[in-house]
Each structure stands twice: as C-alpha cells, then as structure tokens.
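Whatever order the structure lists ligands and atoms in, that order sets their numbers, starting from 1.
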Amino acid sequence: MSANAGAADVVIVGGGLHGCSAAYHLAARGLKPIVLEKHVVARHASSASAGGVRRLGRHPAEIPLAQASLEIWHLMGAVLGATGDFRATGQVRVAETEADLKTCEERVALTRSLGYDFEILIDQAELRRRVPAVAHHCLGGIAVERDGYAFPFKTTTAFRHKAEALGAIIHEGTKVIALDRRGAHWEVATNNGVFCAPALVNAAGAWGGELAAFLGDPVPLEPVALMMMASERMAHFVDPTVGAIGRQLSFKQMQSGTVVIGGGFRGRVDRATELTELDFRHLAQSARNAATIFPIMAKARLTRCWAGIEGFTPDDLPFIGPSKHSPAAFHSFGFCGHGFQLGPVVGSITAELIVNGKTNLPIEPFRIDRFDS
Ligand SMILES: Cc1cc2nc3c(=O)[nH]c(=O)nc-3n(C[C@H](O)[C@H](O)[C@H](O)COP(=O)(O)OP(=O)(O)OC[C@H]3O[C@@H](n4cnc5c(N)ncnc54)[C@H](O)[C@@H]3O)c2cc1C
C-alpha cells in the first residue's frame, strides 16, 4: 500500500448520487474533494433507482429538504449543464376506496397545518382529467405539481462531471477498508493506497453503517433489495408519476413509451457479495397492482426486472449530518428508498456543514445518534 495516494480537502466515500452531489457542492465552494468508489460511479442504488422526484407523501421531517431540493432540480440544467432528463410531469397518488379518500384528506390537512400547500386533494373527475387511463373504480386522490422523474444514472453523472470540471477527483475501483484520525487529518486506507484530508464524508449507501461504526457511530441499518420492472414500449397513455394510497405502486411512463413499475417490493440481498435475487412472487403482485390501477397494463409485456440495494433505518429516515464521536466527519446515507429526490440538496447541506459549520435546513431529525438510547 502506497503511503499517500492523494491529499484533498475532503474525502468522500461512495460514488452514488449523494457522494457526487457532495463533491459538486464542495468543489463549487472552492474546496478540493476526492470521491472514493469501490466499483464505478452509480453502481448501486443511484442507477437502480426508479428516479421519482417526489415531495408527495414525504415524512414531515423530510419536507423542508424536499422543497429545497426541488428548486435545485428545476435549476439543474443551468447549474450543472445537464438535467438528468428531469421532467416535471407532476405526481398523483390514487385513492380507490372511501377509506383511502379519508387518508388523503388527513394527509393534506397535515401538510397544510405544517404550512405547506403543494399537495392538493383531487376528486374523481379531476383524477380522470389528469390520468385518463386510470381504472374506473378510482375515486380521487392527491396531486402535486412540479414533481416528476429523472434518469438516475444521468443525474448522478451530471453531478459527477460538473464536480470533476470544478476540480474534484473521482477514484473508481477504490474500496475504503479503514479510517484513522491522525492529528488534523483523516487517513483513509484503500486497496489503492492511503488518502488524506481534514474532513470526511460517509456517502456509502447501504454500506454506510460499516463506515459509521469505524467512526464510533454504530447505527441500525438494513440492506434491502428494492425491485423494479419495465415494460416494452407502449403508446403514450399517462403523464404524471402515479402511486396509490392502499397498495404498493410507483408507476411512470417514460418518453420512450416504456413503463417503469416499482413500489417498494423487496427481493433478497447479500450485503457481502453485493448480489440481489428477485422474488417473482412479489413481482407478480407488483404487476397485479399496476394492472389494477391501469387496466391497459393487463396485456402489457414486461421486458426487464432488476433490484437495487438501499440502506433502511428503523424510522425510515436517513442519517444526515456530523458524526457524534469523530471530528470533521459527516454522514449522508440510509435513504430508505427515497433519497433520489433529496440528492441535490443533501450534497449542499453536507458542503455547508463542512465549509460554514452549519446549515439553515432542519437536519436534527436525521442525527446519527438518534437510536443510541
Ligand atoms: C429500486 C430503487 C428504487 C428507488 N426509487 C426511488 C424514487 O423513485 N425516488 C427517490 O427519491 N428515491 C428512490 N430510491 C432511493 C434512491 O435511489 C437512493 O436513496 C439513492 O440513490 C441513494 O444514493 P447514495 O449515494 O446514498 O447510495 P448509492 O447509490 O448506493 O451509493 C453508495 C456508493 O458507495 C459505495 N461504497 C460503499 N462502501 C464503500 C467503501 N467502503 N469504499 C468505497 N465505496 C463504497 C457503493 O459501491 C455505492 O456506489 C430508489 C432506490 C432503489 C434501489
């Protein structure tokens, strides 16, 4: 192992969306970040993702971040020179029963009471206007304008390329195997030598728990294989990304005509080998859900299924912010299947914490030590 493979202002572990976003925001503030990625950029969740850019239904703690992130999504082309093919097609969550409608009313009342007006209740006629192909039994739901979807791989590489243009260095095929604090620096040992920097970012996705433990911040984190399906190209029939209140569904038709279906159905994962195995019983249920909300899907042909590994926490919220037990170390991992939309702003928060020592966004609910007791 070489004594010093590279020195920088910040070493970022993990070349997913969160690592690349942090690299961009740090480089844009004049710092020199190094990203260490054990495979290739966007190897894991950040390319397997469904790519939903969604505020609809977010946990209240995440809403301020999701609001701030959405503004970056809308400026992405100007800021990065590439948009990740973000399309603001809106999102809709469908109610199928009276009980679902009540859930919608309660949800919208909650977000209103918190001061947000981005979610709007829609009745059956409005649902049909926005989503003409929806099944006749659907009664209404919640709609959100300005949300949409993007291409995960393109988004991650957009951040990567802009970060590199501003001086960030990305080392692929470089696995972090140990961390050591020496004086005012982190020494980060990898299969490609030792990297040094005063500050460290843990953006290691489903493996973030291992790094957190190195930093003295052990946390509960479960790796989960989230499954997706895609259809052959179909004639255009739906604009917004559609979910459902009473069943697991995330449904969007890309401009190519391909329909992409998810909804949190789980396969099996081996964290050590980083391999996933699809569960076709669950995928069949996922397909039934899609065909229940969109009868046109009953005859659709599915052409591809895959799974991506994501870290889940017991309260379904990520870890964002400073290490509790190590100096100048920052976490950004465990996004529980909804960190794609948050990627643009969480990188900015991490950069603010490193450069200014604080952020104006409320990150207390995501602190690393919240499960300590
Ligand atoms: C199937 C699926 C669908 C999803 N759909 C949505 C959605 O519609 N909307 C939404 O908002 N979110 C969605 N998500 C979640 C979102 O994609 C993730 O939250 C986000 O991509 C996480 O990015 P990340 O950078 O934290 O993790 P990752 O992309 O997993 O990146 C972490 C990287 O760290 C690297 N790494 C780990 N350990 C080390 C080490 N020791 N040394 C070097 N490198 C290391 C890994 O190789 C990996 O590349 C979905 C996720 C999945 C899997």
Only residue of V201, L215, L200, L211 satisfying side chain to side chain contact (heavy atoms under 4.5 Å, CB included) with H331 is L215

For atom 18 (C) of ligand 1, closest protein heavy-atom neighbour: E310 OE2, 3.1 Å

Nearest option to atom 37 (C) of ligand 1, as decided by whichever heavy atom of G208, G339, A204, G209 sits closest: A204

K252 N/O to ligand 1 N/O under 3.5 Å: no

Among R58, R55, E62, which residue meets the side chain to side chain donor-acceptor pair (under 3.5 Å) test with Q67? R55

Is G337 in polar range of ligand 1, meaning some N or O pair under 3.5 Å apart? yes

Numbered atoms of ligand 1 (with element) below 4.0 Å of L36, judged on heavy atoms: 43 (C), 44 (N)

Is F153 atom CZ crowded by more than 12 heavy atoms from other residues, nucleotides or ligands, each under 6.0 Å away? no

Does S21 use its side chain to pair, donor to acceptor, with the backbone of G343 at less than 3.5 Å? yes

For F335, the ligand 1 atoms whose distance to one of its heavy atoms is below 4.0 Å: 19 (O), 26 (O)

Is H338 near ligand 1, meaning one of its heavy atoms is under 4.0 Å from it? yes

Can you tell me the protein heavy atom closest to atom 8 (O) of ligand 1 and the distance? G52 N, 2.8 Å

Pairs of nitrogen or oxygen atoms closer than 3.5 Å, one from S49 and one from ligand 1: do any exist? yes

Assess whether side-chain contact (heavy atoms from CB on, under 4.5 Å) is satisfied between R29 and E352, documenting all intermediate values. CA-CA 9 Å; R29 286 166 170 80; E352 282 176 344; 3.5 Å; yes

Ligand 1 versus T174, non-hydrogen atoms closer than 4.0 Å: side chain, backbone, both, neither? backbone

Using only heavy-atom distances, determine whether the side chains of D316 and H59 contain a donor-acceptor pair under 3.5 Å. no

Around atom 42 (N) of ligand 1, find the nearest protein heavy atom and jot down its residue, atom name and distance. V176 N, 2.9 Å

List every atom of ligand 1 that sits less than 4.0 Å from any heavy atom of G14, numbering the atoms from 1 in the order shown and giving each element. 33 (C), 34 (O), 35 (C)

Report, as yes or no, whether the 6.0 Å neighbourhood of atom CZ on R181 holds more than 12 heavy atoms from other residues, nucleotides or ligands. yes

Have a look at ligand 1 and work out which part of H39, if any, has a heavy atom under 4.0 Å from it: side chain, backbone, both or neither. side chain

Salt bridge check, R160 against E37: does any charged N sit closer than 4.0 Å to a carboxylate O? no

Cluster overlap F330 with I12, hydrophobic side-chain contacts below 4.5 Å: yes

Could you list which atoms of ligand 1 come closer than 4.0 Å to a heavy atom of W207? 37 (C), 38 (N)

V108 and its side chain to side chain contact (heavy atoms under 4.5 Å, CB included) partner, picked from R112, E105, E106: R112

Protein heavy-atom partner closest to atom 31 (O) of ligand 1 - residue, atom, separation in Å: G16 CA, 3.4 Å

Would L353 and L65 show up in the same hydrophobic cluster when neighbours are defined by side-chain heavy atoms closer than 4.5 Å? yes

Heavy-atom contacts with V13 under 4.0 Å: which atoms of ligand 1 show up? List them by number with element. 40 (C), 42 (N), 43 (C)

Is there a polar contact between ligand 1 and S332, counting only N or O atoms under 3.5 Å apart? no

Among all protein heavy atoms, pick out the one at the shortest distance from atom 16 (C) of ligand 1; state its residue, atom name and that distance to 0.1 Å. F340 N, 3.5 Å

What are the two closest heavy atoms between W73 and A150, and how far apart are they? CZ3-CB, 3.5 Å

So, S348 side chain and P344 main chain: donor-acceptor pair closer than 3.5 Å or not? no

Side-chain donor/acceptor of S231 to backbone N/O of V259, under 3.5 Å: yes

Quick check on contacts: which atoms of ligand 1 are under 4.0 angstrom from a heavy atom of G308? 53 (C)

the protein heavy atom lying closest to atom 21 (O) of ligand 1 turns out to be S46 OG, 3.0 Å

What protein heavy atom sits nearest atom 43 (C) of ligand 1, and how far off is it? K38 N, 3.3 Å

Atom 51 (C) of ligand 1: of N202, T155, L226, the nearest heavy atom sits on L226

What do you reckon, does A48 put a non-hydrogen atom under 4.0 Å from ligand 1? yes

Tell me, please: is A203 in heavy-atom contact with ligand 1, that is, under 4.0 Å? yes

Within a reach of under 6.0 Å around CG of N360, are more than 12 heavy atoms found that belong to other residues, nucleotides or ligands? no

Considering only protein heavy atoms, which is closest to atom 26 (O) of ligand 1, and at what distance to one decimal place? H18 CD2, 3.5 Å

Subset of ligand 1 atoms that lie under 4.0 Å from at least one heavy atom of R58: 11 (O)

